[in-house]
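Please read all numbers here as calculations on a predicted model, not as lab measurements. Counting convention: from 1, in listed order, for ligands and their atoms alike.
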Amino acid sequence: MSETFLPYCRPDLGPEEIDEVVETLRSGWLATGPRCKQFEERLREYVGASHAVAVSSCTAGMHLALAAAGIGPGDEVITTPLTFCSTVNVVIHRGATPVLADICLDDYNLDPAEVERRITPRTRALMPVHYGGQPCRMDELLEIARRHKLLVIEDAAHAVGARYRDRPVGSLGDVTVFSFYVTKNMTTGQGGMVTTEDGDLAAQVRLLSLHGMSHDAWRRYEALGSWYYEVTAPGFNFAMTDVQAALGLGQLSRLECFQELRARYAAEYHRLLGDLEDVILPSARPEVRHVWHLYPVRLRSERLTIGRAEFIEALRERGIGTSVHFIPIHYHPYYREGFGFRKGDYPRCEQVFEGLLSLPLYPLMSMDDVARVAEAVREIVGAHRR
Ligand SMILES: Cc1ncc(COP(=O)(O)O)c(C=O)c1O
């Protein structure tokens, strides 16, 4: 490798986060507490929601949302095959059945017509995933949900800060769940947030996130807190900690700067690679604010003598890390064997996946890094044209 390795992603942690974390450590309050409250309030305001509950991960938040909504055995939940496994795992952990619907070819998000085709009398909820930071076609999905009386739980792991028809993700569907995992647009190491307009549902998510203990149990170690609490449901240990929230407060204060850089780098990739006919670049629909969590490109295998795996290896040899988002759900043995999904069931997802890989895109990169990646892509493609 001639140049330093450019990883697929790296979190940008500055003095804001470090100061917030140190202050929290000094405060002695490490578990769920006042920092979580502050972070909830700030994120709630940022996305324009009525309620926010900080949780230990997006996965935990989706699990809690399904549990709070009473979704369980006998119920079906429709989502996309082009997602991370946890979107589907939480449905399975509830004893419900995941149902997959194919995606659109322009944004790789759920196709509302395909969703409608998969609805049965057992369908209870839709779980749209805002793939790569681009909001789904929410008007259509919400209209289908209203007509069939379904709950909409958005997996917004990629989409903090995104907007749909000028409305922030987090205040569109019934429940939205964000991820602050280390690769995401803002991070708390691990962490997530559930937002909703429904106060009862928020209260239930909060209760279940803290073992099912009555709502202010986290205050029980304070001077004015009470030792007494009641368990009203079999809950989970899924709440966020104050150390995570401290990181989140610092990151949230810088999020708009991060988004600006992401948008600039995405535009630069477009400019530098836009004329390449062998690669399909991602695009943003006009009615959305795309937050470019990912920059997924697709190799056109019919024009190239190199496959995706060799392409990834060739980039690695040039010191460039990549990733693949995602191996479709129905390609994994567990879901195939457990739910009867088969290759061939979701042709558009399969077509997109064939040459799919994500190029590095994150605020700690420089414009020179973007140029270096684009140059490497051009070189490899140029050397392997049919
Ligand atoms: C689409 C999607 N949903 C859910 C998750 C899970 O998020 P978390 O790691 O916060 O549980 C991820 C990735 O981490 C993801 O990419």
Can any side-chain N or O of [X] pair as donor or acceptor with the backbone N or O of [Y] at less than 3.5 Å?
X	Y	value
Gln190	Ser57	no
Arg318	Ala314	yes
Asp75	Ala96	no
His158	Gly132	yes

Out of all atoms in ligand 1, which are within 4.0 Å of some heavy atom of [X]? Include the element for each.
X	answer
Gly191	10 (O)
Ala157	2 (C), 3 (N), 4 (C), 5 (C), 12 (C), 15 (C)
Ser86	4 (C), 5 (C), 6 (C)
Val129	1 (C)
Thr83	1 (C)

Please list the nearest protein heavy atom to [atom] with its residue and the distance rounded to 0.1 Å.
atom	value
atom 3 (N) of ligand 1	Asp155 OD2, 2.6 Å
atom 16 (O) of ligand 1	His158 NE2, 2.8 Å
atom 14 (O) of ligand 1	Lys184 NZ, 2.8 Å
atom 11 (O) of ligand 1	Thr59 OG1, 2.5 Å
atom 12 (C) of ligand 1	Phe84 CD2, 3.6 Å
atom 10 (O) of ligand 1	Ser179 OG, 2.7 Å

With respect to [X], determine whether any N or O atom, backbone or side chain, lies less than 3.5 Å from an N or O atom of ligand 1.
X	value
Tyr181	no
Gln190	no
Cys58	yes

So does Arg26 have more than 12 non-hydrogen atoms from other groups sitting under 6.0 Å from CZ?
no
Answer yes or no: does atom CZ of Arg264 have more than 12 heavy-atom neighbours from other residues, nucleotides or ligands under 6.0 Å?
no
For Gly192, state whether at least one heavy atom is located under 4.0 Å from any atom of ligand 1.
no
Determine whether any heavy atom of Phe326 lies closer than 4.0 Å to an atom of ligand 1.
yes
Below 30° counts as parallel, above 60° as perpendicular, anything between as tilted: where do the rings of Phe326 and Tyr131 land?
perpendicular
Sequence neighbours excluded and cut-off under 3.5 Å, please list the side-chain donor-acceptor pairs for residues 331-342, or say none.
residue	atom	partner	partner atom	Å
His332	NE2	Ile327	O	3.4
Tyr335	OH	Asn89	OD1	2.5
Arg336	NH1	Tyr331	O	2.8

Sequence neighbours excluded, every pair satisfying ring-ring contact (aromatic ring centres under 6.0 Å, His included) that has a member inside residues 240-282:
Tyr269-Tyr295, His270-Trp292, His270-Tyr295
Test applied, side chain to side chain donor-acceptor pair (under 3.5 Å); reference residue, Asp106; option that passes from Arg285, Arg137, Gln134:
Arg137
